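Working notes, structure below.
Here, residue 1 is the first one in the sequence, and each next residue gets the next number. Side chains are part of it too, since the values below use all heavy atoms of this structure and drop only hydrogens, waters and symmetry mates. From a predicted model like this one, the values you see are computed outputs, not experimental measurements.
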Amino acid sequence: MSATVVVAGASMAGLRAAEQLRAAGWDGPITLIGDEPHMPYNRPPLSKEVLAGKAPFESLAFRPRASVADVRWRLGTKVVAADLDRRVVTLDDGEALAYRGLVVATGMRPRRLRCPGPVTGRHTVRTLADAQGLREALTRPGARVVIVGAGFIGCEVAATAVALGAAEVTVVDPLPLPMVGPLGDQLAKALLGRHEQRGVRFALGTGVTGFAGDDRVTGVVLADGTVLAADVVVECVGSLANTEWLGGNGLDLTDGVLTDGHLRAGGRPDAVAVGDVARFPNARYDGVPRRVEHWSIPTDTAKHAARVLAAHLGGGDAGLPPFAPLPTFWSDQHDFRLQSFGAPALGKDDVRVLDGDPDGDVVAGYHTAGRLVGVVALGGPAAAAAAARYRAELLAQPALTA
């Protein structure tokens, strides 16, 4: 049987996994498979700099380390099935590829609304092609834009659309405030006010039941019957894990790939999951398995999982403590930034202002049973710098689970 390690998914997580396998001592073959035709690239700028026309693709592409110069790349190719007992994956061209170790890095795809009406004029933001197509639509004079979903991507796209000169920008969400899930009420209210001051409209506490128009979208129908005129609709309603190819192997694929505390898929020693497709227990907090869609997670998961897999392939044990990353994200919107460290969503019922004021630059702390579990800054560079000072405190706290 081939000694290849197969990395299924050629995103940032897949690339980092290959690099970390080399760093962990695996010197055998690595095959990296990805369904996009591009080499791995940085996705966060898609809803901001790329959409605004400020960043070409060349600026997004990651520069692989010299250690993975010998990796076999299979781009524009999709993994469609796997037999984990036989250690074989099947590609969309019918090829069966044997492996010794498997890295699951197939990531997510945008969730789409299942509503009646035309499809033309509806966009998502996940790939370079998505961002390029949406930018073309947003730059048409007089564009009326409706964004469904007031999460990270929805708020970023709204800010970019305003900057591009869209005639109207409206964000729709069934929740009462934008980004209230990860931020809680206090900072979500402050975020809402900042967007409204810059010209973004909101239709909150309501959902979408359909799309008006014949050949292309001309409006968005809300639950109360209101129709919002729209030339461009952007669906930012969450993601679905690309795990169908793993079906039939006894894995828990309820929401991503359930792993143990060392990122082993279903506890299997020869298969690990990395990036936002992995649903792992974080020993830093309560140990409940969760997926985390933050920019820091691909690198963090790749480093730990690669050491675990490389040790197994070498016949040993990595001897690592359970995985306990400190999630980190930032979100640039208009002329301000959200900066977060930790897991604020776990402490959104006990939020305390640590620095500044919600009407200006502010840093909020999120607590569980009196313990600081997350910090979020909203504002300019000073707020982000203040939040960074609390990072050391979060890192210094001992893990809650072993």
Side-chain angles (χ1 to χ4, degrees), residues 5-21 30-36 38 40-44 46 62 74-75 77-84 89-92 99 101-112 124-127 130 151-153 237-282 288-306 308-309 323 325 327-329 343:
V5 169
V6 166
V7 180
S11 61
M12 177 184 181
L15 173 62
R16 295 292 181 250
E19 293 173 338
Q20 290 298 326
L21 280 166
I30 298 175
T31 302
L32 212 155
I33 305 165
D35 58 355
E36 286 191 76
H38 311 290
Y41 59 90
N42 198 17
R43 293 188 190 276
L46 294 179
F62 293 115
R74 296 290 300 274
L75 300 177
T77 302
K78 190 174 182 179
V79 181
V80 296
D83 186 327
L84 300 190
V89 295
T90 303
L91 309 185
D92 55 4
Y99 64 82
L102 176 66
V103 179
V104 179
T106 40
M108 314 298 291
R109 64 183 182 275
R111 187 186 300 274
R112 302 304 299 260
T124 59
V125 186
R126 178 67 184 181
T127 67
D130 291 340
F152 294 103
I153 302 299
V237 292
S239 304
L240 296 171
N242 294 318
T243 57
E244 292 81 0
W245 63 281
L246 286 166
N249 287 286
L251 300 178
D252 182 339
L253 305 176
T254 306
D255 178 23
V257 179
L258 178 64
T259 77
D260 64 11
H262 290 294
L263 300 169
R264 293 175 293 211
R268 302 182 68 101
D270 55 357
V272 294
V274 299
D276 48 15
V277 76
R279 178 161 53 100
F280 59 88
N282 189 336
V288 175
R290 297 181 180 90
R291 288 192 311 99
V292 182
E293 296 185 44
H294 292 343
W295 190 86
S296 62
I297 290 300
T299 298
D300 290 342
T301 53
K303 184 174 183 179
H304 191 98
V308 169
L309 182 59
F323 189 48
T328 300
F329 77 79

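- Taken from CH2 in Trp295 to OG1 in Thr328, the straight-line distance is 9.5 Å, to the nearest 0.5 Å.
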* To do: I would like to know whether Leu309 and Leu21 meet side chain to side chain contact (heavy atoms under 4.5 Å, CB included); could you show each step before the answer?
  => CA-CA 8 Å; Leu309 182 59; Leu21 280 166; 4.2 Å; yes

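- Inter-residue side-chain proximity for Thr124 and Arg112 is flagged as met; some heavy-atom pair is nearer than 4.5 Å.
- Taking the side chain as every heavy atom from C-beta outward, Leu263 and Val308 never approach each other to under 4.5 Å.
- With contacts defined as side-chain heavy-atom distances shorter than 4.5 Å, the pair Met12/Thr299 qualifies.
- Of the possible polar contacts, none joining the Asp92 side chain to the Thr77 backbone as a donor-acceptor pair under 3.5 Å is found.
- Note that CZ of Phe62 and NE2 of His38 are 14.0 Å apart. Values are rounded to the nearest 0.5 Å.
- Within the 4.5 Å cutoff, side-chain heavy atoms of Val89 are placed close to those of Leu102.
- Taking both residues in full, the closest heavy atoms of Asn249 and Ala82 are given as ND2-O, 3.0 Å, listed atom of the first, atom of the second, then distance.
- Of the inter-residue distances, the one linking Asn282 atom CG with Ile297 atom CD1 reads 7.5 Å to the nearest 0.5 angstrom.
- When all heavy atoms of Ile30 and Ala18 are compared, the pair lying nearest together is CD1-O, 3.9 Å.
- Between atom CZ of residue Phe152 and atom NE2 of residue His294 there is a gap of 5.5 Å, rounded to the nearest 0.5 Å.
- In this structure, a donor-acceptor pair under 3.5 Å is present between the side chains of Thr106 and Trp245.
- Partners of Thr127 by side-chain contact (heavy atoms from CB on, under 4.5 Å), not counting sequence neighbours, listed by chain and number: Glu36, Tyr41, Arg43, Ala129, Asp130.
- Put simply, CG on Asp35 and CG on Asn242 are 7.5 Å apart, with the number rounded to the nearest 0.5 Å.
- Of all the heavy atoms in Ala241 and Met108, the pair that sits closest is N-CE, 3.3 Å.
- Between Ala17 and Val274 the shortest heavy-atom distance is CB-CG2, 4.5 Å.
- When every heavy atom of Val277 is checked against every heavy atom of Ala105, the shortest pair comes out as CG1-CA, 4.4 Å.
- In this structure the side chain of Arg279 reaches within 4.5 angstrom of the side chain of Thr254, judged on heavy atoms.
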* Could you check Leu91 against Val79 for side chain to side chain contact (heavy atoms under 4.5 Å, CB included), going step by step and ending with a plain yes or no? => CA-CA 4 Å; Leu91 309 185; Val79 181; 3.9 Å; yes

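- Atom OG of Ser11 and atom CG of Asp276 lie 7.0 Å apart (nearest 0.5 Å).
- Looking only at distances, no side-chain donor or acceptor of Asp252 sits under 3.5 Å from a matching main-chain atom of Leu258.
- The one candidate from Val5, Val6, Val7 that meets the side chain to side chain contact (heavy atoms under 4.5 Å, CB included) condition with Leu32 is Val7.
- Smallest separation of non-hydrogen atoms from Ala278 and Thr259: CB-CG2, 4.5 Å.
- Residues satisfying the salt bridge (Lys or Arg N to Asp or Glu O under 4.0 Å) criterion with Asp260, sequence neighbours excluded, are Arg264.
- The main-chain N or O of Leu84 is found under 3.5 Å from a side-chain atom of Arg268 such that the two form a donor-acceptor pair.
- Contact annotation: the side chain of Phe280 approaches that of Pro325 to within less than 4.5 Å [non-hydrogen atoms, C-beta and beyond].
- Annotation: salt bridge (charged side-chain N to carboxylate O under 4.0 Å, His left out) contacts involving residues 292-305, sequence neighbours excluded, comprise Arg291-Glu293.
- In this structure, Ser239 contributes its side chain and Pro110 its backbone to no donor-acceptor pair below 3.5 Å.
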